[in-house]
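Below is one structure, written out as structure tokens; comments come after it.
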Amino acid sequence: MHDKGHVAVIDFGSQYTQLIVRRVRELGFFAMLYALEDFPNIGEPGAIILSGGPRSTSEPDAPDLDFEALKAFNVPVLGVCYGMQLLNLKFGGTIEPSDRREYGPAELFPTSRTGIYEGLSEKSQVWMSHSDTVKVIPACAEILATNQHKTPVSLKWGENFYGIQFHPEVTHSHEGLRILHNFLLTADELMPFKIEDFKREMIEGIREKCGNKQVVCGVSGGVDSTVLAVLLKEAGANVRAIFVDHGLMRKDEGDEVRSNFHRMGVPIETVDCSERFLAALAGESDPEKKRVIIGNLFIDVFWDAVGDAEILAQGTLYPDVIESASNAKSKASKIKTHHNRVDRILELQAQGKVLEPLAELFKDEVRELGHSLGIAPDILNRHPFPGPGLAVRCPGEVTQERLDIIRECDAIFIGKLKEHGWYDKVWQSYACLVPVKTVGVKGDERSYEWAISLRAVVSEDAMTADWVELPYEILRETSHRILNEVKGINRVLYDVSTKPPASIEWE
Ligand code: XMP
């Protein structure tokens with residue numbers, strides 16, 4: 001639907017490729033990611049960015065694209081890292097392969113602070129992650145910038161082709177966004193990215209597809225499914241929101257979800273099956289097996305509730321779409337383990353009955369959409385909560401007693417973060433049971449009870465995370481309340497592990 005005047009980002013496999021798309025959108029232009037195999041079927045872009053990648057252009061089967069087709073678009077092209085090396089080869093230059101990878105900050109010196117370097121500092125920090133470098137520069141090329149060793153790290157070939165060795169999309173490249181913006185301004189006309197325009201188009205799309213038919217969507221209280229349900233309502237769809245309460249929710253969460261939906265005027269049906277989940281999980285300690293049990297039961301319960309739905313709406317986001325396109329093979333094999341209920345989704349998909357209105361948006365954009373739909377900030381700014389719920393915060397066997405303890409401790413901790421104004425400064429926070437009994441003293445008696453671990457992290461995309469230096473006051477008050485109020489806990493710990501090597505959840 002948006003394949004004219006957009007910025008087409010061609011994926012050569014770098015871990016940062018998605019980030020390029022996000023940054024372009026942050027700069028106010030619509031960008032889409034394309035697999036290399038899709039090239040040149042990328043619509044009519046207004047600019048093209050060739051991403052970085054882990055491979056070397058000197059490998060015999062190195063990723064390549066049709067250069068004549070690239071030129072035929074007649075729009076500005078920016079090659080980043082691998083993309084730059086590929087362009088240099090295409091224009092008749094050479095690359096010097098290297099076994100050693102340069103990874104980390106470097107200094108950038110633009111030769112003239114004009115064009116894509118307009119407004120930059122004389123010296124700027126950029127982020128490098130490459131092994132090969134350009135060697136012979138063809139006659140048609142101009143050096144736009146060098147690094148601290150006077151090696152060229154940015155080139156321009158002819159009128160429209162630019163190359164940069166570093167990654168402008170990561171925050172460690174201090175003026176990277178400016179360079180990206182300057183590049184985009186060299187394009188004649190680009191499609192702007194405005195959430196209000198998207199909202200209008202999504203609503204029209206929903207009306208066209210749904211008419212008076214009943215639309216079912218699963219909701220969890222999380223941001224994506226809430227925005228989806230409210231968007232459907234806003235479009236006037238005949239929506240049925242189904243909330244599967246698997247009993248692994250936080251304290252009072254089910255009631256909060258229901259009251260939020262009532263407040264927003266979206267009908268919600270709860271399927272309460274906590275006992276079924278607890279029974280299914282009984283005696284199981286293996287984290288992977290726990291996940292499979294929960295996942296399969298969830299699908300069963302949800303589809304029983306869906307019945308003969310005419311249309312199923314899902315809160316799929318753009319990163320899921322990109323991921324499933326690039327992992328088509330591994331996804332397919334995973335689906336098999338999810339037994340026959342998945343056939344139902346595939347069947348509905350084949351009949352055009354699956355609606356995924358958010359599939360072009362990133363998480364931050366979904367929040368922005370939610371905001372423009374009038375959804376309260378406390379719902380939109382909720383910390384992420386995993387699908388398998390407290391089961392991943394209860395290492396070992398999941399029992400009612402353990403869940404109740406986690407709920408109480410978590411509510412105390414989150415309450416303290418909110419009270420001290422720290423909830424919104426933290427990306428995710430929670431309490432996790434450490435099911436190891438140790439000795440303590442309660443009154444005159446020795447106690448032999450479990451520990452609880454508190455975790456608060458900051459992260460941009462959950463791929464990496466750092467623990468938060470919370471004020472001692474919050475930790476002290478939380479610990480005091482937990483030790484005094486929660487039966488079964490005699491120790492409170494604060495988790496100071498980064499990801500990697502730890503993960504965010506304990507599982
Ligand atoms: P980890 O523990 O892998 O978590 O560092 C990264 C992020 O993903 C969340 N998470 C999940 N979210 N279903 C979800 O919807 C899941 O099964 C799941 N497992 C982990 C986790 O809370 C963190 O934000």
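Atoms within each ligand, like the ligands themselves, are counted from 1 in listed order.
- In this structure, the side chain of E204 does not engage the main chain of E201 through any donor-acceptor pair within 3.5 Å.
- At a heavy-atom cutoff of 4.0 Å, ligand 1 is contacted by the side chain of W427 but not by its backbone.
- Note on R178 versus E175: no salt bridge recorded, every NZ/NE/NH1/NH2 to OD/OE distance being 4.0 Å or above.
- Nearest protein neighbour of atom 16 (C) of ligand 1, counting heavy atoms only, is P388 CD, 3.4 Å.
- When ring centroids are compared, Y103 and H130 stay outside the 6.0 Å threshold.
- Considering only non-hydrogen protein atoms, atom 15 (O) of ligand 1 sits nearest to G387 N, 3.2 Å.
- Between E507 and ligand 1, no pair of N/O atoms sits closer than 3.5 Å.
- Counting atoms of ligand 1 from 1 in the listed order, those under 4.0 Å from a heavy atom of K499 are 1 (P), 3 (O), 5 (O), 6 (C).
- Under 4.0 angstrom from ligand 1, the non-hydrogen atoms of R291 all belong to its side chain.
- Aromatic pair F29/F193: ring centres not closer than 6.0 Å.
- Not one N or O of R393 is nearer than 3.5 Å to an N or O of ligand 1, by distance alone.
- Taking the six-membered ring for Trp and the full ring otherwise, Y494 and F413 have centroids separated by 6.0 Å or more.
- Inclusion of A462 in the set of residues having an N or O under 3.5 Å from an N or O of ligand 1 is not warranted.
- Under the 3.5 Å distance criterion, the side-chain polar atoms of H6 are matched with a main-chain donor or acceptor of I42.
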Donor-acceptor pairs under 3.5 angstrom involving side-chain atoms of residues 276-284: please list them, not counting sequence neighbours.
from	atom 1	to	atom 2	distance (Å)
E284	OE2	D286	N	3.1

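- Among the atoms of I504, some N or O lies under 3.5 angstrom from an N or O of ligand 1.
- Of the N or O atoms in E505, one or more lie within a sub-3.5 Å distance of an N or O in ligand 1.
- Proximity of a side-chain donor or acceptor of S14 to a complementary backbone N or O of Y16 within less than 3.5 Å is detected.
- Distance from atom 23 (C) of ligand 1 to its nearest protein heavy atom, with residue and atom name: Q428 OE1, 3.3 Å.
- Counting the atoms of ligand 1 from 1 in the order shown, those under 4.0 Å from a heavy atom of S503 are 1 (P), 2 (O), 5 (O).
- Note that atom 13 (N) of ligand 1 has protein non-hydrogen atoms nearby, at separations under 4.0 angstrom.
- The closest protein non-hydrogen atom to atom 9 (C) of ligand 1 is P386 CB, 4.4 Å.
- A donor-acceptor pair under 3.5 Å links the side-chain atoms of R367 to the main chain of L380, judged by distance alone.
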